[in-house]
Amino acid sequence: MRLKEFLHYTYIFPLLAVGYYFSGLMGTGVLYDILAGILLIGSVLSAVHHAEVVAHKVGEPFGTIILALCITIIEVALIISLMVAGGDQAITLARDTVFAAVMLILNGILGICILVGGVKYHEQFFARTSATTYLVSIVSILVLTLVLPNFTSSVNGPFYNEAQLIFISIACLVIYGIFLMVQTVRHRSYFIVPDEHPEEHYIPSLTKTLISFGFLVVCLVIVVLMAKGLSDTIEGMVRSLGAPKSLVGVIIAAVVLLPEGVAAIRAARANQIQSSLNLALGSALASIGLTIPAVSVVCIMYDIPLVLGLDKKDIILLSLSVFIVMLSLSRGKTNVLYGTVLLVNLAAYIFTVIVP
């Protein structure tokens with residue numbers, strides 16, 4: 001790579017963000033926090049660029065898997081660090097974060113992608129088998145982790161005991177592991193749309209791909225760190241508006257999911273709705289399939305109570321979202337109505353967080 005290529009914003013923003021984060025200026029004033037927000041957004045856009053470089057090199061569906069796994073691993077690290085620091089006060093943190101991420105992905109990212117693609121192309125087509133494969137896995141893990149705890153009797157309340165927690169964690173890993181095998185080996189064709197113009201695509205060199213992968217990891221780490229650093233400012237803003245504290249988790253989850261969201265929307269605008277589905281549904285599956293087992297291990301090690309079961313309102317909203325997504329993806333093609341309904345579901349979720 002030539003030196004002038006490193007002067008591109010996708011290399012400058014992450015390095016500036018890293019330097020700014022470790023300078024200690026965050027949280028010392030409104031202007032400093034605004035600057036942090038600008039650097040955070042620049043890092044998000046940089047992450048999308050580097051993820052696309054890696055995706056072009058490794059091809060589908062591996063490119064979308066890499067981005068989903070990177071963000072999920074960092075999300076897990078953020079949740080675990082906050083839970084260990086917060087102790088018993090953070091017993092609902094994993095549940096609230098996972099639920100917010102799933103709702104934002106299923107209704108927000110997927111809804112915007114379908115709406116944007118529908119406005120520009122009227123209809124977009126994808127493999128129904130891929131959507132079914134994703135949804136079978138997602139629905140099973142969602143019910144096992146966020147709904148079933150409310151109905152077990154070994155422990156009172158929305159908890160699992162230690163044996164149940166271990167079983168559910170293993171079940172999540174088995175489902176996710178078999179799904180990855182299906183996606184990458186046995187039925188890879190489900191998740192790929194044949195390229196009509198393969199000669200038009202630029203394939204980056206191995207050196208550039210490795211550099212982009214390194215910067216992708218840096219971007220994702222600094223996005224999460226800066227989101228965590230700005231959490232007190234966001235919490236103060238939420239308090240000043242008189243909104244519940246749970247809105248903070250939604251805002252932070254939205255920031256963490258920005259790289260995937262932007263990448264998925266860009267794919268939809270380029271008439272690559274299959275890539276958008278791979279990103280959105282793959283992220284939802286990785287978010288619950290990996291986060292719950294990792295958090296369970298930490299909670300067992302540190303003897304931290306872990307609330308997993310959702311309340312009745314959230315179960316209804318989750319059921320509605322999953323049901324609408326299943327209907328929207330059942331025909332193998334999309335239109336603006338599906339996207340609009342999903343975004344209305346997202347608005348209902350956020351509104352009921354603010355006005356429960």
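All of these numbers come straight from a predicted model, not from anything done at the bench.
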> According to a 4.5 Å side-chain heavy-atom criterion applied to Ile, Leu, Val, Met, Phe, Trp and Tyr, with indirect links allowed, do L173 and I178 form part of one hydrophobic cluster?
Replying inline: yes
>> With a 3.5 Å distance limit and no angle check, can you tell me whether S330 reaches the backbone of L327 through a side-chain donor-acceptor pair?
In response: yes
> Where do T133 and H187 land on the side chain to side chain contact (heavy atoms under 4.5 Å, CB included) test, with the steps shown first?
Replying inline: CA-CA 10 Å; T133 307; H187 301 288; over 6 Å; no
>> Using side chain to side chain contact (heavy atoms under 4.5 Å, CB included), reason through C172 and T145 one step at a time and then give a plain yes or no.
In response: CA-CA 9 Å; C172 290; T145 56; 3.6 Å; yes
> For the side chain of Q124 and the backbone of A268, is there at least one donor-acceptor N/O pair under 3.5 Å apart?
Replying inline: yes
> Out of F213, F13, Y9, Y11, which one pairs with H50 under the ring-ring contact (aromatic ring centres under 6.0 Å, His included) rule?
Replying inline: Y11
>> Tell me whether D311 at atom CG has more than 12 heavy atoms from other residues, nucleotides or ligands lying less than 6.0 Å away.
In response: yes
> About how many Å separate CD1 of I288 and OH of Y176, when rounded to the nearest 0.5 Å?
Replying inline: 10.5 Å
> So which heavy atom on K57 is nearest to which on L206, and how close?
Replying inline: NZ-N, 4.0 Å
> Does a side-chain heavy-atom distance below 4.5 Å link C113 with I109?
Replying inline: yes
> Is atom NE2 of H122 surrounded by more than 12 heavy atoms (other residues, nucleotides or ligands) closer than 6.0 Å?
Replying inline: no
> Of the non-hydrogen atoms in S154 and Q164, which two are nearest, and what is the gap between them?
Replying inline: OG-NE2, 3.4 Å
> Honestly curious: do V344 and M326 fall in one hydrophobic cluster under the side-chain, below-4.5 Å linking rule?
Replying inline: no
> Counting N and O atoms only, with roles assigned by atom type, does the side chain of T97 sit under 3.5 Å from a partner on the main chain of A94, one being a donor and the other an acceptor?
Replying inline: no
> How long is the gap from OH on Y349 to CG on L320, to the nearest 0.5 Å?
Replying inline: 14.0 Å
>> When you compare the side chain of L308 with that of F159, does any pair of heavy atoms fall below 4.5 Å?
In response: no
> Do the side chain of K120 and the main chain of R269 share a donor and acceptor less than 3.5 angstrom apart?
Replying inline: yes
>> Using side-chain heavy atoms (C-beta onward) and a distance below 4.5 Å, is F215 in contact with S46?
In response: no
> Where do I211 and K208 land on the side chain to side chain contact (heavy atoms under 4.5 Å, CB included) test, with the steps shown first?
Replying inline: CA-CA 5 Å; I211 291 173; K208 184 171 183 178; 5.7 Å; no
>> If you compare all heavy atoms of A47 against all heavy atoms of L216, which two are closest, and at what distance to 0.1 Å?
In response: O-CD1, 3.5 Å
>> Please tell me whether I316 and V325 are part of a single hydrophobic cluster in this structure, the criterion being side-chain heavy atoms less than 4.5 Å apart.
In response: no
>> Looking at every heavy atom in both R95 and G309, which two are closest together, and how far apart are they?
In response: NH1-O, 2.8 Å
> Less than 6.0 Å separating the ring centroids of Y32 and Y20?
Replying inline: no
> Checking side-chain hydrogen bond (donor to acceptor under 3.5 Å, both in side chains) for the pair N107/S321: CA distance, chi angles, key distance, verdict?
Replying inline: CA-CA 7 Å; N107 295 300; S321 300; 2.9 Å; yes
> So, does S140 use its side chain to make a donor-acceptor pair with the main chain of S137 at under 3.5 Å?
Replying inline: no
> CG/L106 to CG/L318 distance, rounded to the nearest 0.5 angstrom?
Replying inline: 7.5 Å
>> If you apply the rule side chain to side chain contact (heavy atoms under 4.5 Å, CB included), what do you find for L281 with L110, and how did you get there?
In response: CA-CA 8 Å; L281 297 179; L110 199 57; 4.2 Å; yes
> Is it true that a side-chain atom of T334 and a backbone atom of I114 form a donor plus acceptor pair closer than 3.5 Å?
Replying inline: no
>> Return the SG to CD distance between C299 and E162, rounded to the nearest 0.5 Å.
In response: 11.0 Å
> Given the rule that I, L, V, M, F, W and Y join up when any side-chain heavy atoms are under 4.5 Å apart, are F323 and V102 in one cluster?
Replying inline: no
> Does Y134 have its ring centroid less than 6.0 Å away from the ring centroid of Y190?
Replying inline: no
>> Looking at every non-hydrogen atom in both residues, tell me the closest pair between A131 and L329 and how far apart they are.
In response: CB-CB, 3.8 Å
>> If I take atom OH from residue Y160 and atom CD1 from residue I168, how far apart are they, to the nearest 0.5 angstrom?
In response: 4.0 Å
>> Has Q183 got a side-chain atom pairing as donor or acceptor with F191's backbone, closer than 3.5 angstrom?
In response: no
> Cluster question for you: counting only ILVMFWY and a side-chain heavy-atom cut-off of under 4.5 Å, with indirect links fine, are L142 and V136 together?
Replying inline: no
>> Do I324 and N345 make a side-chain contact, defined as non-hydrogen atoms from C-beta onward lying under 4.5 Å apart?
In response: yes
>> I want to check something: taking the side chain as every heavy atom from C-beta on, are L104 and L346 in contact at a cut-off of under 4.5 Å?
In response: yes
> Donor-acceptor pair, R186 side chain versus M181 backbone, under 3.5 Å?
Replying inline: no
> Which value, rounded to the nearest 0.5 Å, describes the distance between L277 atom CG and F126 atom CZ?
Replying inline: 5.5 Å
> Which pair of heavy atoms, one from V53 and one from T209, lies closest together, and at what distance?
Replying inline: CG1-CA, 4.4 Å
